[in-house]
2 protein chains.
Amino acid sequence: MSTIRGARERARTEITAAIKDEARAQLAAEGAAKLSLRAVARELGMASSALYRYFPSRDDLLTALIVDAYDAVGAAAEAALAAAPPAADHCARWTAACSAVRAWALDHPHQYALIYGSPVPGYTAPKDTVAPASRVALALVSVIRDAHRTNGLALPPLSLGVRPEADRMAADIAPDLPPAVVTAMVAAWSQLFGTISFELFGHFNNVVADRDAFFEHTATRLAHEVGLRPQAAGASAGSSAGS
Amino acid sequence: MSTIRGARERARTEITAAIKDEARAQLAAEGAAKLSLRAVARELGMASSALYRYFPSRDDLLTALIVDAYDAVGAAAEAALAAAPPAADHCARWTAACSAVRAWALDHPHQYALIYGSPVPGYTAPKDTVAPASRVALALVSVIRDAHRTNGLALPPLSLGVRPEADRMAADIAPDLPPAVVTAMVAAWSQLFGTISFELFGHFNNVVADRDAFFEHTATRLAHEVGLRPQAAGASAGSSAGS
DNA sequence: ACAATAACGAGAGCATTGCTCTTGCTTGGA
DNA sequence: TCCAAGCAAGAGCAATGCTCTCGTTATTGT
């Protein structure tokens, strides 16, 4: 409200950012388990107790990093979609978003583990996390919505058992999409991260060698599962999109 | 190999088991991050230093728990398959194995997080873990192999990009199965755990309400993905298998 | 302009942790 | 019987998260 906003306030945001940066560096270097408030303070040249003016506890620092990480993956997915216009091949847009998420995960494995691995601390997800956490899912939904608007998506009917839950999810998430599509999309969403997590957490060691090819294939199959078909006809007739 | 093998040796295995039990209890109560050697020793009425005679470090204790957890999920999956003979509906056997894994995960969330969440400590997976870690995957392979032997599994041809990797995986994992099936099976394997992890780690909060129905549906679709089709004909004509 | 208030940084301190080292005791085999 | 190996306990070290207190500094209200 005041004019200059005070040197103090600016210093606060700067120091807060510096703390988070240093914490991220330690996270990337050693993992979440080894992230130490004292080491962060030491590296920043301040007393460890001073840090508590900015983050009331270690878990709060972690939570801040979690929110930032969710935002970063979400932004990566959205950027991939922004690079391919909604008019383009919907199947390719889907796989592009998936690949963007995977690329971010490979670039920031510890941040990825922070948000998609085991809940770290006493783990209570505060309200601040739910909005950033939804960004990837919303990006995927937007691809499907575009595809549904232009082509219309048709999926085989759901079995009786899921139908009530499918209707509920559709009404809750995307009332403009068929329940079968929404259900398939939620499944594909979780399965996408299952594949990325397995690769990142080492479960593919001695199993999958060419991870790029395998992921490309998996993402494409997930696209099929949600009703997206490659625009086979049209201009470019190249069989496989990538490399 | 000798006769009595000494009371000492027996005491050692007993104490080792007691330590692991207490550690498991703490794991279930507080999570892997809070598992403390000193607390385990305290609870067992022994000095903390005495614990190091049995496990050279905290990470070694964790590793022992990891091995046990892998064995437990693997055993759960195998038991589910043993309950349904190989002659039965292959699709139902697949979903039964999947559901068994999920049930174990819901019953032992922290042990599940230990093995399928973020790698916890300095995380180096020793050789001892790889065999137990494969049990679930091998159980799933056995279902597919049985199905392939009796019915033969046919899947649409793979795109050019994955074909080399698919051949490599098939030769490495199950040379008697078509590469397309093996590839789909690896994907389904990781996706299964993606769905379970999302449910367990809270990513389905405010998204999926009827988790049982959703999982049943997802597992069935995964079965279709690997080429398993429900034995629709025969006796019972009910549309959906489960209740 | 001045004083009250709030934010701030630093240091000391507490409880706890993983781990090591040394010191005795107990057991198993010669 | 006696010795070596296994064992348990205690003290101790470095490090952690967190709290409290005490001066200092900036902001704000009058």
Side-chain angles (χ1 to χ4, degrees), chain A residues 1-20 22-23 25-27 29-66 114 119-124, chain B residues 1-20 22-23 25-27 29-66 114 119-124:
Chain A
M1 307 308 181
S2 84
T3 55
I4 303 210
R5 206 56 181 174
R8 197 157 215 167
E9 193 148 336
R10 187 171 51 227
R12 180 166 187 90
T13 68
E14 271 176 22
I15 294 181
T16 304
I19 293 173
K20 287 206 287 187
E22 178 57 34
Q26 287 204 15
L27 188 70
E30 297 271 25
K34 306 268 183 182
L35 198 163
S36 140
L37 275 190
R38 290 182 112 112
V40 170
R42 205 179 305 133
E43 211 67 24
L44 260 50
M46 60 200 305
S48 66
S49 54
L51 245 162
Y52 286 82
R53 303 263 178 211
Y54 299 87
F55 296 94
S57 86
R58 182 180 179 274
D59 286 6
D60 290 272
L61 215 197
L62 258 314
T63 301
L65 294 186
I66 287 175
L114 201 57
V120 186
Y123 100 101
T124 43
Chain B
M1 306 316 172
S2 86
T3 55
I4 303 207
R5 209 56 183 171
R8 196 155 218 169
E9 193 146 339
R10 186 169 53 226
R12 179 166 187 92
T13 68
E14 272 177 21
I15 295 183
T16 304
I19 292 173
K20 288 205 287 186
E22 178 57 34
Q26 286 203 16
L27 188 70
E30 297 270 24
K34 307 266 183 182
L35 196 163
S36 141
L37 276 190
R38 292 182 110 112
V40 170
R42 206 179 304 135
E43 211 68 23
L44 260 51
M46 60 200 305
S48 66
S49 55
L51 244 161
Y52 287 81
R53 300 261 172 203
Y54 300 87
F55 296 94
S57 85
R58 180 179 180 275
D59 286 6
D60 289 272
L61 216 197
L62 258 314
T63 300
L65 294 186
I66 286 175
L114 202 57
V120 187
Y123 98 103
T124 41

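To find a chain, count down the sequence lines: A is the first, B the second, and so on, and within it residues start at 1. Treat the numbers as computed from the prediction; the structure is a model and nothing was measured.
A donor and an acceptor atom never sit less than 3.5 Å apart when one is taken from the side chain of B:R12 and the other from the base of D:dG6.
Note on B:R58: a side-chain N or O is less than 4.0 Å away from OP1 or OP2 of C:dG18. The phosphate of D:dA8 (OP1 or OP2) has no side-chain N or O of B:S49 nearer than 4.0 angstrom. OP1 or OP2 of C:dG18 sits under 4.0 Å from a side-chain N or O of B:S36. OP1 or OP2 of D:dA8 lies within a sub-4.0 Å distance of a side-chain N or O belonging to B:Y54. Considering only side-chain N and O atoms, A:R42 lies under 4.0 angstrom from the phosphate OP1 or OP2 of D:dT16.
Across all strands, A:L35 comes closer than 4.0 Å only to sugar-phosphate atoms, never to a base (heavy-atom distances). Among the atoms of the strands shown, only primed sugar atoms or phosphate atoms (P, OP1, OP2) are found under 4.0 Å from some heavy atom of A:I15.
In this structure, A:L51 places its CG atom 9 Å from P of C:dG9, rounding to the nearest Å. Between A:L37 atom CG and C:dT17 atom P there is a gap of 18 Å when expressed in whole angstrom units. Between the C1' atom of D:dG17 and the CD atom of A:Q26 lies a distance of 14 Å, rounded to the nearest Å. The CG atom of A:L44 sits 15 Å away from the P atom of C:dC8 (whole-angstrom rounding).
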With the criterion being N/O to N/O and under 3.5 Å, what pairs connect the protein with nucleotides 21-26 of chain D, and how long is each?
from: D:dT25; atom 1: O2; to: A:R8; atom 2: NH2; distance (Å): 3.4
from: D:dA26; atom 1: O4'; to: A:R8; atom 2: NH1; distance (Å): 3.2

